[in-house]
Each structure stands twice: as C-alpha cells, then as structure tokens.
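This report concerns only the one structure given below.
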Amino acid sequence: MTLTEALRTLVEAEAAALGAVAAAADAAALDAAERDWLGKRSPAVVVTEAIKGLAPDERPQAGQAVGAYRGRIGDAVAARRTELADRSPGAGAGIDLTLGGHGRRRGHLHLVTQIRRELEDIFVGLGYRVAEGPEVEDDWHNFEALNIPPAHPARSMQDTIYVALGADGPEDPGAGTEHIAEHIAEHMMLRTHTSPVQIRTMETQAPPIYVVAPGRTYRNETLDARHSPAFHQMECLAVDRGLTMADLFGTIEAFARRLFDDDSVRTRFRSDFFPYTEPSAELAVSCVFCRGDGCRVCSHTGWIELGGCGMVDPNVFRAVGIDPEEWQGFAFGFGLERIAMIRYGINEIRTFFDNDLRFLEQY
Ligand code: DAH
C-alpha cells in the first residue's frame, strides 16, 4: 500500500463510517458501526499495519492521518451515543416512562354554561343576537325604565341586594337626566333579573331589535332546594313593526320544542302581571317527562312553569325614546338552572354552585 492509497482508504472509510454512525438507530447498531470502522478489522487497523511498509519519511503523515480518522469517527460515535440515550425511555432524571402516569383529567363546561350556549344557539338560529349587561346595575335600568317607579309595590316582587357605593363609585353611570343620575348614584344593586339588558339594548340600538341576554342575576333569598341568591336567567326581546302576541307565542313554542327536542311540547300562557309588559303572561310548557299526565317533576300538574312574558309596555318604549305607536315588542325571561333541573330531573339548585365535581362530572 502506497501513501496515496493509504490516505485515500482513510478518506473513503471516513465518509462511509460517518454515514453508518449517523444511520445507527439504536445502541446495538451504533456498537456494530464502531466495531466496523474503528475495530480490529477496520480500515484504521489495515492502514496502521501498512505503515511499516512505507518509506520512513512517509510514515509520520500516514500515522497522523490514521490518528485524525480515529479522532473524528470516535467523536461522532460518542455524540451519536448521547443522542440515542437522550431519546430512549428512561432518559433524563432517571424517570421510568414505562410506569403508568397520574393521567390528566379533562375538564368540561359547567352545566349552566352548556345550557346557556345551547339556548344561544337556538336563538341565533331564529335570527337573534346575544346581548350583555353589567351584573352591578343601577336603579334606572333594573327598575325605573322598566316601569317600576320608586316605592312601587312591584319592587317587592324581587328582594334586592343593594350595593354601597364608595367615594370612587361611577361618576356618570350613563343615563340621561340629572335627577336620574342622582337617583342612580344612591341606588346601585346586583341586578335582580336580566330585564335591564332590554333597556340597555334599546338605549343603544334602533329597532328592529332581536336579542337574547343570558347572565347572572341576584336576589336576597335564603338558599333552599329551589332558591339561590345567585342564579342565571335568559332574557329575550324583540322590537319590530307589527309584532303581536302570536309572534311571542310562536317564538316560545319553537324554542321550547328545540330545547326539549320534542315536537309534542305544548305551551301554556296564563294571565300574569309584570310592570314592563302589557298584557303579561306566565309561561309554562307541558311536562316533558309525563307529557302532561302528571308526575313528580311537574308536581302532578302536567305543566312546568318556565318564566314570564308579554308585550313590551308602551311606558318602557317611552323611557328609551322609542315611539310605541310605530313599534311593538315582546319579551320573556326564564331561569337557566330551572331549565337544567327540568331537563335532567335535578331537584336541588344548590348543586349548581357547590362545585362538587361528583355532581358536575355527570353532565
Ligand atoms: N324579569 C322577570 C323575572 O325575573 C321575568 C320576565 C317576565 C321577563 C316578563 C320578561 C317578561 O322579559 O316580559 O321574574
């Protein structure tokens, strides 16, 4: 073997060796490549043997070439070994990845949120938009503009939680005349229903209006199986030309059938009183469990009361500057927990707020 041949052997061997090292997919393959390209029968050894046959002045160059070859291939093998070790199970801080883990439990939306979204979908499908209002409300929106003047007995229908305003309360609560602003500053409250969103919507938008307003509401109630000081409602408001009670009834029937996924659901309207609607009605649907025969869910009446409804009172339109001669409207409101309780036969409203996962996980 001449010096030239020896050097060429090493150059060719190096290319092949680096390729084999890089291609080694596991420790065994890497060991084999190391044996092939650095071991007893490797080109490195063959060239080393051949050095003896070279002229004395050629030997150092050949020796250095073998050394460099061994160095580079050795480094490549070592680097590849670390790489494979990092990837293997059990790599890192002595973690055994073959052990069963603690798992990761997947959460889901709260039942009330699920119902809210479902209802929003139904109404969006009917052409409505979703509106929102603040949970801390002023007297004007929660009561006065809804045709419930101060000291009116209708206020006692809703036991209100008032909020004491500090010196840094809102300067301009945002509603009209001086006297109203004064009154508002004194009477801030946790909204007792979602009906104030009707007012806020009509104050900022011109008819025609088709909105639903879901959200949290509050009353000064003692917690029991059916009452909670915090609960959720959904409000619906339609304002357009020529709307009649037939539109109200038809809308409620369409939504109830979609909600309970049952085309045989019937609706019942009985005369009622709300200051912001005239005429007003209490709204009930035929019991989806017994279909009207009477069962525990409907207290053997065959009907389930959902909420209240009616045609928007002209005084409400006047309060927000909409001409009641030109525009008509209907509105209704109902409780979201109540819908969930009916749908799933839940008899305890407290379970919605206890945050006991054993309950929540079921839905
Ligand atoms: N705000 C009423 C309540 O909380 C429910 C209600 C009744 C809403 C009649 C309405 C309505 O929009 O027209 O009890």
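Read the numbers this way: they start at 1 and go in the same order the structure lists the ligands and their atoms.
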So, does [X] use its side chain to make a donor-acceptor pair with the main chain of [Y] at under 3.5 Å?
X      : Y      : answer
Glu337 : His232 : yes
Thr160 : Tyr162 : no
Arg338 : Glu305 : yes
Thr204 : Arg200 : yes

Subject >> Among Arg129, Glu235, Met234, side-chain contact (heavy atoms from CB on, under 4.5 Å) partner for Val212 >> reply: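 Only match with Val212 under side-chain contact (heavy atoms from CB on, under 4.5 Å): Met234.
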Original post:
When you look at Phe274 and His193, which way does the ring-ring contact (aromatic ring centres under 6.0 Å, His included) test go after all the steps?
Top reply: CA-CA 12 Å; Phe274 298 100; His193 48 180; 9.2 Å; no
Subject >> Sub-4.0 Å heavy-atom environment of ligand 1, residues by chain >> reply: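 Residues within 4.0 Å of ligand 1: Gln158, His193, Ser195, Gln198, Arg219, Gln233, Glu235, Phe274, Tyr276, Thr277, Gly308, Cys309, Gly310, Ala331, Phe332, Gly333.
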